[in-house]
Protein chains: 2
Amino acid sequence: MDRSNSISGKTIGRLSLFRRLLTALSFEGKTHIYSHELANMAGVTAAQVRRDFMVIGYSGSPVKGYHITELIRCVSRVLDDPEGTNVAIVGVGHLGRAIMNYFQGRRPKLQIVAAFDRDEHKVNRVIQGVRSHSLSALKEVVAQRRITVAIITVPASSAQEVAEQLVEAGVRGLVNFAPVPLRLPDEVSVEDMDITMSLEKVAYFSGISDAGKERMEP
Amino acid sequence: MDRSNSISGKTIGRLSLFRRLLTALSFEGKTHIYSHELANMAGVTAAQVRRDFMVIGYSGSPVKGYHITELIRCVSRVLDDPEGTNVAIVGVGHLGRAIMNYFQGRRPKLQIVAAFDRDEHKVNRVIQGVRSHSLSALKEVVAQRRITVAIITVPASSAQEVAEQLVEAGVRGLVNFAPVPLRLPDEVSVEDMDITMSLEKVAYFSGISDAGKERMEP
DNA sequence: CTCACAGCGTTATTTTTTTCACAAGAAAAC
DNA sequence: GTTTTCTTGTGAAAAAAATAACGCTGTGAG
Ligand SMILES: NC(=O)c1ccc[n+]([C@@H]2O[C@H](COP(=O)([O-])OP(=O)(O)OC[C@H]3O[C@@H](n4cnc5c(N)ncnc54)[C@H](O)[C@@H]3O)[C@@H](O)[C@H]2O)c1
Ligand SMILES: NC(=O)c1ccc[n+]([C@@H]2O[C@H](COP(=O)([O-])OP(=O)(O)OC[C@H]3O[C@@H](n4cnc5c(N)ncnc54)[C@H](O)[C@@H]3O)[C@@H](O)[C@H]2O)c1
């Protein structure tokens with residue numbers, strides 16, 4: 001089971017989503033769910049749901065469907081490091097603070113435990129329960145707090161440099177909000193959150209959907 | 001050429017990235033580039049770069065490579081609506097303001113022209129040059145400013161409702177920051193920016209990276 | 001001049017991801 | 001007791017995406 005190797009990124013992403021939906025259902029008192037119900041909620045097909053659960057080795061009952069709390073436990077065994085994962089955030093600007101504000105306490109096994117900024121005015125403060133440090137303390141704090149994942153919210157011009165420092169300090173995964181592709185060793189996994197790209201994508205697809213149509217009412 | 005239909009979302013996303021990289025190169029005075037150089041910068045393969053440009057019908061020269069400014073123009077002809085695309089943002093909270101602050105003036109053809117919030121304290125103000133309106137004005141303003149794309153930065157509990165109002169008002173594309181999947185008509189294109197999911201993905205892969213091999217983004 | 005290169009465009013191949021389709025099993029209906 | 005009707009799990013098929021392969025074409029070294 002924890003002999004879990006080679007699950008695709010796509011599947012991991014969906015499992016994360018499924019777990020969130022299942023947790024909400026569990027709160028509402030629901031105990032079982034069918035693949036097509038969950039599929040409908042998540043916006044995917046039922047076959048995909050069944051396949052994803054097959055990948056992690058969870059079986060439901062053809063008569064009752066999936067047992068929600070068991071399923072959550074099973075997904076969590078795949079997604080979560082049992083020790084928990086400590087996360088750092090670098091760049092305590094507008095976006096960095098918004099993320100800290102949003103994220104804290106959301107996932108019990110995934111906690112932001114340190115923030116870093118180059119600006120001396122922003123260090124040695126506690127924001128959302130997270131202490132901010134000077135960049136010069138990065139290596140030490142990352143090691144001390146056993147930080148393995150980091151969120152980058154510095155300006156694009158500093159992102160590569162910051163990423164390298166983080167990797168050098170031992171970080172193995174990054175969520176990058178700066179609009180630049182990071183060049184890092186293959187064993188570091190990076191997820192880019194590029195709002196300009198996303199906007200251009202939806203602008204493109206929203207534009208071609210009414211290729212022949214004209215404008216509606218002014 | 002403008003008979004451009006059926007370009008995959010993956011390709012559109014890369015084109016957006018390529019354009020950004022090319023624009024930066026152009027500023028530095030570079031005039032030509034080879035596929036493998038751009039590939040290297042973008043973190044993809046050279047074959048992919050050539051393929052993407054083939055899809056949009058741009059040809060380079062085997063001797064000089066691609067002509068950067070021509071290429072930018074060609075990509076822009078695909079990505080940009082010549083009239084420009086007007087964007088709204090709904091939810092003027094921490095994240096909404098961070099995005100306005102970041103995005104304004106970044107893409108000439110893609111402009112945030114209105115903000116909306118339910119909180120009366122946040123309406124009728126001008127933030128980053130963008131006027132914020134009451135939600136009740138949504139339909140009217142969307143029509144008046146010909147807004148076709150919107151960014152959703154309201155709490156998860158309101159996201160579905162807000163999305164429906166936007167679609168009802170005529171919006172065709174959404175970038176959704178709320179951590180809930182939106183259920184909307186197929187012709188509306190939605191891009192989700194889910195930081196919890198991204199963090200769980202990199203946490204997962206950073207955890208198994210020592211054990212086995214796994215590639216993240218295909 | 002000739003030849004070896006280097007890089008493009010495109011076709012072919014491989015790999016990855018999604019969807020289809022159906023056996024099997026159990027409740028419910030009759 | 002039999003049939004009907006739901007599921008799940010999963011092999012097979014299809015679709016989508018990425019990669020490799022190769023012919024073509026100027027270039028520049030010798
Ligand atoms: N993907 C998105 O949705 C999105 C949205 C907004 C902004 N962004 C990006 O996020 C980044 C931050 O945006 P913001 O609006 O918070 O900017 P900001 O200017 O408010 O904050 C940047 C912070 O980084 C700090 N910083 C600068 N250089 C640093 C370094 N080398 N090391 C450590 N800290 C450093 C600054 O002191 C500042 O506190 C930018 O790259 C921006 O492009 C992305
Ligand atoms: N993807 C990410 O990286 C990320 C990061 C942080 C937050 N988020 C999400 O973004 C959303 C906003 O986060 P935030 O930190 O800015 O929260 P916030 O509370 O600071 O802001 C929310 C804003 O939405 C307004 N609002 C509430 N209900 C509304 C409605 N029905 N119509 C219009 N406006 C309404 C509120 O008045 C407030 O101004 C949340 O859903 C959060 O989950 C996503």
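Proteins come first, then strands; the chains are lettered A, B, ... in the order of their sequence lines, and each starts at number 1.
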What is the distance from [atom1] of [X] to [atom2] of [N], rounded to the nearest Å?
| X | N | atom1 | atom2 | value |
| --- | --- | --- | --- | --- |
| B/His36 | D/dA20 | NE2 | P | 16 Å |
| A/Lys10 | D/dA15 | NZ | C1' | 12 Å |
| B/Tyr34 | D/dT27 | OH | P | 11 Å |
| B/His67 | C/dG7 | NE2 | C1' | 17 Å |
| B/Asp52 | C/dC8 | CG | C1' | 15 Å |
| B/Ile12 | D/dA17 | CD1 | P | 12 Å |
| B/Tyr66 | C/dA6 | OH | C1' | 13 Å |
| B/Ile33 | C/dC8 | CD1 | P | 10 Å |

Point to revise | DNA chain C: 5'-proximal contact among A/Pro62 and A/Gln48 (nearest heavy atom) | key: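 Final value for this comparison: A/Gln48.
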Exercise for review: Return the 5'-most residue of the pair A/Arg14, A/Arg50 with respect to DNA chain C, ranking by each residue's nearest nucleotide.
Suggested key: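 Closest to the 5' end, via its nearest nucleotide, is A/Arg14.
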Revision key, fill the gap. In terms of heavy-atom contacts, B/Val171 and B/Ala150 come closest through CG1-N, 3.9 Å
Quick check on [N]: is either OP1 or OP2 less than 4.0 Å from any side-chain nitrogen or oxygen of [X]?
| X | N | value |
| --- | --- | --- |
| B/Ser59 | C/dG9 | yes |
| B/Ser35 | C/dC8 | yes |
| A/Thr45 | C/dT19 | yes |

Practice item. Can you figure out which of D/dG9, C/dT11, D/dT8 approaches the side chain of B/Arg51 most closely? Key: C/dT11
Practice item. Verify the ring-centre separation between A/Tyr34 and A/Tyr66: is it less than 6.0 angstrom? Key: no
Practice item. Specify whether B/His67 and B/His32 have parallel, tilted or perpendicular ring planes, treating 30° as the upper limit for parallel and 60° as the lower limit for perpendicular. Key: perpendicular
Check your understanding: Run the side chain to side chain donor-acceptor pair (under 3.5 Å) check on A/Ser8 and A/Thr11 step by step: do they pass?
Key -> CA-CA 5 Å; A/Ser8 81; A/Thr11 293; 3.3 Å; yes
Point to revise | A/Tyr102 and B/Thr196 side chains, donor-acceptor separation under 3.5 Å | key: yes
Review point. Which part of the nucleic acid does B/Ser8 contact within heavy-atom distance under 4.0 Å: base, sugar-phosphate only, or nothing?
Key: sugar-phosphate
